[in-house]
Amino acid sequence: MDYQNFVEQDRVIDAIANYYETPPLAYMHSFGCQQNVNDGEKIKGVLVQLGYGLTDRAEGADLVIFNTCAVREHAEQRVFGNIGALKNLKVANPKMMIAVCGCMVQQKTVVDKIKQSYPYVDIVFGVNGIDQLPHMIGERIRTRKKVIMEPAERTELVENLPIHRDSSFKAWLPIMYGCDNFCSYCIVPFVRGRERSRSAENILAEFRALIQSGYKEITLLGQNVNSYGKGLDHPMDFADLLAMLAEEPGDFRLRFMTSHPKDASRKLIDTIATHDKICNNLHLPVQSGSDSILAQMNRKYNVTEYLSLIRYAKERIPEMTFSSDIIVGFPGETEEDFEKTLELVREVGYVQLFTFIYSKRTGTKAAMMPDSTPYSAKTARISKLLNLHEEFAVNFAEKMVGRKVRVLVDGLGKIEGTWSGRLENNLVAEFSAPENHTGKFVWVNITGHRGILLTGSIAEEQGE
Ligand code: SAH
Ligand code: SF4
Ligand code: F3S
């Protein structure tokens with residue numbers, strides 16, 4: 001389905017303009033993963049089309065939207081805290097509207113809690129409701145009543161929503177939505193619904209438009225990109241999609257996330273190896289290094305299979321770097337299980353590691369599993385893991401000293417007088433340069449490092 005300027009659009013724009021005394025400002029904040037960030041960019045696109053200006057503060061905004069994440073309890077608590085803090089702003093500015101959307105409100109319990117405990121929230125809509133936002137704002141103004149969309153599954157994809165991207169040179173490009181994997185700890189399949197792939201034609205059209213507008217780094221998004229293409233009229237696998245995009249003309253980099261180890265194939269590694277524009281960096285979340293925990297997690301691979309793919313990638317692409325997500329303290333995880341995770345982390349050597357303490361999510365299978373490990377033991381495990389990872393990453397950075405590398409410049413560095421840029425392998429370099437090259441590729445000589453952060457200066461000779 002294509003997003004169209006539905007019949008009501010002009011009426012809603014007029015209603016908004018009449019409702020506020022001055023041109024209205026909107027503040028939109030996304031929590032959670034890149035998928036949510038990309039949805040947030042679309043929400044901002046819709047708002048701009050409706051005549052809102054954008055602001056980066058809730059204070060002074062006429063519309064505040066929180067695009068929420070439900071993946072861990074902590075994420076949900078933060079959102080409730082943030083909604084609570086808006087109460088006073090609303091007292092000061094009664095015309096201010098508050099909207100809550102995204103993954104959290106796909107859960108009926110959350111919608112009920114908002115209705116009961118946060119009655120000043122005006123609009124609620126789920127992950128598939130972005131195209132309905134103009135209508136909801138229009139209804140809120142017309143009826144002066146709250147507009148609450150109850151959680152519902154919608155399988156149809158809406159194409160061509162307006163978008164207001166956060167960056168002018170790095171872009172997210174969703175290739176699929178939802179997830180069918182039902183890892184036993186995870187809420188995502190419940191809130192994001194079943195897996196649906198976008199057509200290759202729509203992806204290619206968006207991709208070409210991005211390259212033409214000067215985007216230099218495109219990250220393909222999906223909860224499990226390696227199962228891309230199922231159910232399409234013209235089925236295509238992920239490696240073929242990736243190759244097709246990498247063969248487009250232009251100076252750009254291609255990244256993707258997330259790969260599920262059960263579906264990541266040797267063909268994928270071969271495709272990365274044969275295409276320079278695909279970054280030599282693989283985010284392959286392992287979650288645990290213990291086969292029995294992996295089975296309890298319903299991950300459908302074991303450590304041997306995981307390591308065999310990593311070894312293949314290392315042989316085929318010696319420059320390849322890896323990153324991972326790990327959950328510590330899954331119900332029933334023993335010290336021995338955790339030792340196996342440490343062993344695996346030692347063997348792979350990740351340049352980036354995202355570690356999480358298991359968080360119980362109501363409705364998931366793991367929520368029923370007995371969990372007797374004290375929280376203090378879980379935090380102790382996390383710190384061990386982080387120390388081990390840090391040691392590897394710092395050694396890795398040390399080995400990069402003396403190299404000449406190409407980075408995409410992000411802007412100012414944290415170290416005074418430097419610029420910051422990211423290497424293909426996902427490490428960050430801060431370097432001195434006489435000019436601002438933000439949004440461009442430059443060659444940098446790496447002369448040192450601070451922990452995992454590389455330091456250096458722009459190369460006089462721009463080229464390999
Ligand atoms: N689809 C991706 C990422 C999903 S969410 C994947 O399969 O890897 C991102 C990460 O959050 C997961 O990889 C997992 O490590 C973590 N996570 C998900 N549910 C969690 C929970 N209940 N408690 C703690 N961490 C969780
Ligand atoms: Fe969650 Fe597993 Fe799906 Fe990732 S693959 S979103 S961890 S259910
Ligand atoms: Fe969170 Fe939803 Fe992403 S639950 S991790 S924002 S898909």
Side-chain angles (χ1 to χ4, degrees), residues 29-41 43 66-79 100-107 110 126-128 151 172 174-196 219-228 256-264 282-289 293-294 296-301 306 322-331 333 341 350 352-369 371 373 375 378-379 381-382 385:
H29 184 76
S30 287
F31 298 82
C33 66
Q34 288 78 1
Q35 187 86 69
N36 240 28
V37 171
N38 182 250
D39 282 350
E41 293 179 325
I43 293 170
F66 288 135
N67 184 24
T68 62
C69 168
V71 81
R72 281 170 291 274
E73 195 184 354
H74 177 69
E76 294 204 339
Q77 281 164 348
R78 264 180 67 206
V79 170
V100 183
C101 65
C103 293
M104 261 171 85
V105 294
Q106 291 292 122
Q107 306 168 94
V110 172
V127 293
N128 303 310
W172 310 113
I175 61 166
M176 62 205 297
Y177 297 91
C179 182
D180 284 350
N181 289 316
F182 291 94
C183 302
S184 64
Y185 49 82
C186 186
I187 195 80
V188 172
F190 298 92
V191 295
R192 283 273 169 182
R194 298 290 61 72
E195 186 181 290
R196 289 142 290 155
T219 305
L220 308 181
L221 293 181
Q223 295 298 346
N224 177 11
V225 289
N226 291 288
S227 71
Y228 171 79
F256 56 91
M257 63 194 303
T258 298
S259 289
H260 192 303
K262 83 175 160 62
D263 296 315
L282 188 60
H283 183 57
L284 199 61
V286 70
Q287 312 297 359
S288 167
I293 295 295
L294 286 173
Q296 291 290 308
M297 287 177 161
N298 192 31
R299 291 288 287 180
K300 302 194 177 90
Y301 55 84
Y306 182 88
F322 303 91
S323 60
S324 190
D325 295 349
I326 288 181
I327 296 178
V328 165
F330 183 81
E333 183 189 69
T341 300
Y350 296 106
Q352 281 176 315
L353 194 60
F354 304 92
T355 53
F356 310 101
I357 291 190
Y358 167 75
S359 170
K360 184 173 173 173
R361 305 283 65 209
T362 309
T364 62
K365 268 210 167 138
M368 324 278 230
M369 299 177 187
D371 179 10
T373 313
Y375 196 75
K378 297 186 182 188
T379 52
R381 286 178 198 172
I382 278 254
L385 194 52

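Just follow the structure's listing: the first ligand is 1, and inside any ligand the first atom is 1. The basis for the numbers below is simple: all heavy atoms, side chains too, and nothing from hydrogens, waters or symmetry mates. Counting from 1, the numbers follow the sequence of the chain as shown.
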Trainee: Are I357 and ligand 1 in contact, using a heavy-atom cut-off of under 4.0 Å?
Mentor: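 So I357 counts as touching ligand 1.
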Trainee: Is it the case that the side chain of K378 and the backbone of I357 share a donor-acceptor pair, with hydrogens and angles ignored and the cut-off at 3.5 Å?
Mentor: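 Absent.
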Trainee: Quick one: do R78 and E73 make a salt bridge, cutoff under 4.0 Å?
Mentor: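 A salt bridge is absent here (no side-chain N lies under 4.0 Å from a carboxylate O).
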Trainee: Can you list the ligand 2 atoms lying under 4.0 Å from a non-hydrogen atom of V188?
Mentor: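 Within the 4.0 Å cut-off of V188, ligand 2 contributes 6 (S).
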Trainee: Using a strict cut-off of less than 4.0 Å between a Lys/Arg side-chain nitrogen and an Asp/Glu carboxylate oxygen, indicate whether R381 and E333 qualify as a salt bridge.
Mentor: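 Yes, charged N to carboxylate O under 4.0 Å.
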Trainee: Taking atom NE2 of H74 as the centre, report whether more than 12 heavy atoms of other residues, nucleotides or ligands fall under 6.0 Å from it.
Mentor: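 It does not: H74 NE2 has 12 such atoms or fewer within range.
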Trainee: Students should be able to answer this: which protein heavy-atom is nearest to atom 22 (N) of ligand 1, and at what distance?
Mentor: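 Answer, as residue, atom name and distance: S359 O, 2.8 Å.
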Trainee: What protein heavy atom lies closest to atom 5 (S) of ligand 2? Include the residue and the distance to one decimal.
Mentor: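 Going atom by atom, the protein heavy atom closest to atom 5 (S) of ligand 2 ends up being N181 ND2, 3.3 Å.
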Trainee: Whether the N128 and R192 side chains hold a donor-acceptor pair (N or O, under 3.5 Å, no angle test) is what I'd like checked.
Mentor: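 R192 and N128 do not have a side-chain donor-acceptor pair below 3.5 Å.
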Trainee: As an exercise, identify every atom of ligand 2 less than 4.0 angstrom from a heavy atom of R299.
Mentor: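 It comes down to these atoms of ligand 2: 2 (Fe), 7 (S).
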Trainee: Which of the numbered atoms in ligand 3 are below 4.0 angstrom from a heavy atom of V71?
Mentor: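 Going through ligand 3 atom by atom, the ones under 4.0 Å from V71 are 1 (Fe), 4 (S), 5 (S).
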Trainee: Considering only the protein, which heavy-atom contact is closest to atom 19 (N) of ligand 1, and what is its distance?
Mentor: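 Ranked first by proximity to atom 19 (N) of ligand 1 is Y185 CD1, 3.3 Å.
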Trainee: Tell me whether the centres of the aromatic rings in F322 and Y350 are closer together than 6.0 Å.
Mentor: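 Not close enough - the centres of the two rings lie 6.0 Å or further apart.
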Trainee: Give the numbers and elements of all ligand 3 atoms closer than 4.0 Å to a heavy atom of N36.
Mentor: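 It comes down to these atoms of ligand 3: 6 (S).
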Trainee: Could you list the atoms of ligand 1 found under 4.0 angstrom from a heavy atom of P285?
Mentor: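 Contacts of ligand 1 toward P285, numbered from 1: 8 (O).
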Trainee: Within the side chain of T364, is there an N or O that forms a donor-acceptor pair under 3.5 Å with the backbone of I187?
Mentor: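 Here the side-chain-to-backbone pair does not exist.
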Trainee: Indicate yes or no for a side-chain donor-acceptor contact from Q287 to the backbone of R299 under 3.5 Å, with no hydrogens or angles considered.
Mentor: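 The answer is no, because no donor-acceptor pair under 3.5 Å joins these two groups.
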Trainee: Distance check below 2.8 Å: does C33 bring an N, O or S atom to atom 1 (Fe) of ligand 3?
Mentor: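 No, C33 does not qualify, because none of its backbone or side-chain N, O or S atoms lies under 2.8 Å.
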Trainee: Is the backbone N or O of M104 less than 3.5 Å from a side-chain atom of Q107, with the two atoms forming a donor-acceptor pair by type?
Mentor: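 Between the backbone of M104 and the side chain of Q107 there is a qualifying donor-acceptor contact (under 3.5 Å).
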Trainee: Checking the side chain of Y177 only, and the main-chain atoms of R194 only, is there a donor and an acceptor separated by less than 3.5 Å?
Mentor: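 Such a contact is absent between Y177 side chain and R194 backbone.
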Trainee: Of all the non-hydrogen atoms in the protein, which one sits nearest to atom 7 (S) of ligand 2, and at what distance?
Mentor: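 Ranked first by proximity to atom 7 (S) of ligand 2 is Y185 OH, 3.4 Å.
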Trainee: List ligand 1 atoms under 4.0 Å from R361, heavy atoms only on the residue side.
Mentor: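 So the atoms of ligand 1 that pass are 22 (N).
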Trainee: Name the closest protein heavy atom to atom 10 (C) of ligand 1, giving the residue it belongs to and the distance to 0.1 Å.
Mentor: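 For atom 10 (C) of ligand 1, the nearest protein heavy atom comes out as D325 OD2, 3.4 Å.
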Trainee: Tell me, which protein residue and heavy-atom name are nearest atom 3 (Fe) of ligand 2, and how many Å apart are they?
Mentor: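 Looking only at protein heavy atoms, the one closest to atom 3 (Fe) of ligand 2 is C179 SG, 2.3 Å.
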Trainee: Just wondering, are more than 12 heavy atoms of other shown residues or ligands nearer than 6.0 Å to NZ in K360?
Mentor: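 No - once you tally the heavy atoms of other residues, nucleotides and ligands closer than 6.0 Å, there are 12 at most.
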Trainee: So which heavy atom in the protein is nearest atom 6 (C) of ligand 1, and how far is it from that ligand atom?
Mentor: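 Atom 6 (C) of ligand 1 sits closest to the protein heavy atom T258 CG2, 3.7 Å.
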Trainee: Provide, to 0.1 Å, the distance between atom 5 (S) of ligand 1 and the closest protein heavy atom, together with that atom's residue and name.
Mentor: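 The answer is V71 CG2, 4.0 Å.
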Trainee: Please tell me whether H283 and S323 have a donor and an acceptor in their side chains that are separated by less than 3.5 angstrom.
Mentor: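 S323 and H283 do have a side-chain donor-acceptor pair below 3.5 Å.
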Trainee: How far is atom 3 (C) of ligand 1 from the closest protein heavy atom, and which atom is that?
Mentor: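 Checked against all protein heavy atoms, atom 3 (C) of ligand 1 sits closest to Q223 OE1, 3.7 Å.
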Trainee: Within less than 4.0 angstrom of ligand 1, does I327 place any heavy atom?
Mentor: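 It does, in that a heavy atom of I327 comes within the 4.0 Å cut-off of ligand 1.
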Trainee: Just by distance, with hydrogens left out, do S259 and N226 show a side-chain donor and acceptor under 3.5 Å apart?
Mentor: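 Result is yes, a qualifying pair exists.
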Trainee: Any donor-acceptor pair under 3.5 Å linking the side chain of N36 with the backbone of S30?
Mentor: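 No, the answer is negative, given that no donor and acceptor are paired below the 3.5 Å cut-off.
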Trainee: For atom 4 (S) of ligand 3, what's the nearest protein heavy-atom neighbour? Residue, atom name and distance, please.
Mentor: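 Here the closest protein heavy atom is A70 N, 3.2 Å.
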Trainee: Check ligand 2 against F182 and write out every atom of the ligand that is under 4.0 Å from a heavy-atom position of the residue.
Mentor: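 Answer, ordered by atom number: 8 (S).
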Trainee: Which residue owns the protein heavy atom closest to atom 7 (O) of ligand 1, what's the atom, and how far is it?
Mentor: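 Its nearest protein heavy-atom neighbour is R299 NH1, 3.7 Å.
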Trainee: May I ask you to identify, for Q35, whether its side chain, its backbone, both or neither come under 4.0 Å of ligand 3 on a heavy-atom basis?
Mentor: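 Q35 to ligand 3: no contact under 4.0 Å from either part.
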Trainee: Is there a heavy atom in Q223 that sits closer than 4.0 Å to ligand 3?
Mentor: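 Yes; Q223 lies near enough to ligand 3 that a heavy-atom distance drops under 4.0 Å.
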Trainee: Can you confirm whether K365 is buried at NZ, in the sense that more than 12 heavy atoms of other residues, nucleotides or ligands lie under 6.0 Å from that atom?
Mentor: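 Atom NZ in K365 is not crowded, with 12 or fewer foreign heavy atoms closer than 6.0 Å.
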Trainee: Only one of I43, D39, T68 forms a side-chain contact (heavy atoms from CB on, under 4.5 Å) with C101, so which one is it?
Mentor: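 Result: among I43, D39, T68, I43 is the only option passing the side-chain contact (heavy atoms from CB on, under 4.5 Å) with C101.
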Trainee: For atom 1 (Fe) of ligand 3, which protein heavy atom lies nearest, and how many Å away is it?
Mentor: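 Ranking protein heavy atoms by distance from atom 1 (Fe) of ligand 3, first comes C69 SG, 2.4 Å.
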Trainee: Considering the heavy atoms of H260, write down every atom of ligand 2 situated less than 4.0 Å from one of them.
Mentor: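 In order of number, 5 (S).
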Trainee: Where does V188 meet ligand 1, judged by heavy-atom distances below 4.0 Å: at the side chain, the backbone, both, or neither?
Mentor: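 Neither; nothing of V188 gets under 4.0 Å from ligand 1.
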Trainee: Looking at Y358, which atoms of ligand 1 are within less than 4.0 Å of one of its heavy atoms?
Mentor: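 Within the 4.0 Å cut-off of Y358, ligand 1 contributes 23 (N), 24 (C).
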Trainee: Looking only at atom types and distance, does a side-chain atom of N298 sit under 3.5 Å from a main-chain N or O of F182, one as donor and one as acceptor?
Mentor: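 Looks like yes, one N/O pair under 3.5 Å.
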Trainee: How far is atom 2 (Fe) of ligand 2 from its nearest protein heavy atom, and which residue and atom name does that atom have?
Mentor: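 Answer for atom 2 (Fe) of ligand 2: C183 SG, 2.3 Å.
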Trainee: If you measure only the distance, is there a donor-acceptor pair under 3.5 Å linking the side chains of E195 and S227?
Mentor: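 E195 vs S227: donor-acceptor pair found between side chains.
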Trainee: Relative to the heavy atoms of C186, which atoms of ligand 2 are at a distance of less than 4.0 Å?
Mentor: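 Checking each atom against C186, I get 1 (Fe), 6 (S), 7 (S), 8 (S).
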Trainee: So which of R72, R192, Q287 gets nearest to atom 15 (O) of ligand 1, if we judge by its closest heavy atom?
Mentor: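 It is Q287 whose heavy atom sits nearest to atom 15 (O) of ligand 1.
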Trainee: Could you find the nearest protein heavy atom to atom 2 (Fe) of ligand 3 and give me its residue, atom name and distance?
Mentor: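 Closest protein heavy atom to atom 2 (Fe) of ligand 3: C103 SG, 2.2 Å.
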Trainee: Considering only heavy atoms of P189, which atoms of ligand 2 have at least one such atom less than 4.0 Å away?
Mentor: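 Listed by number with element: 8 (S).
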Trainee: How far is atom 4 (Fe) of ligand 2 from its nearest protein heavy atom, and which residue and atom is that?
Mentor: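 Result for atom 4 (Fe) of ligand 2: Q223 O, 4.3 Å.
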Trainee: Using modelled atom types only, decide if a donor and an acceptor are shared between the side chain of T341 and the backbone of S288 within a distance under 3.5 Å.
Mentor: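 Such a contact is absent between T341 side chain and S288 backbone.
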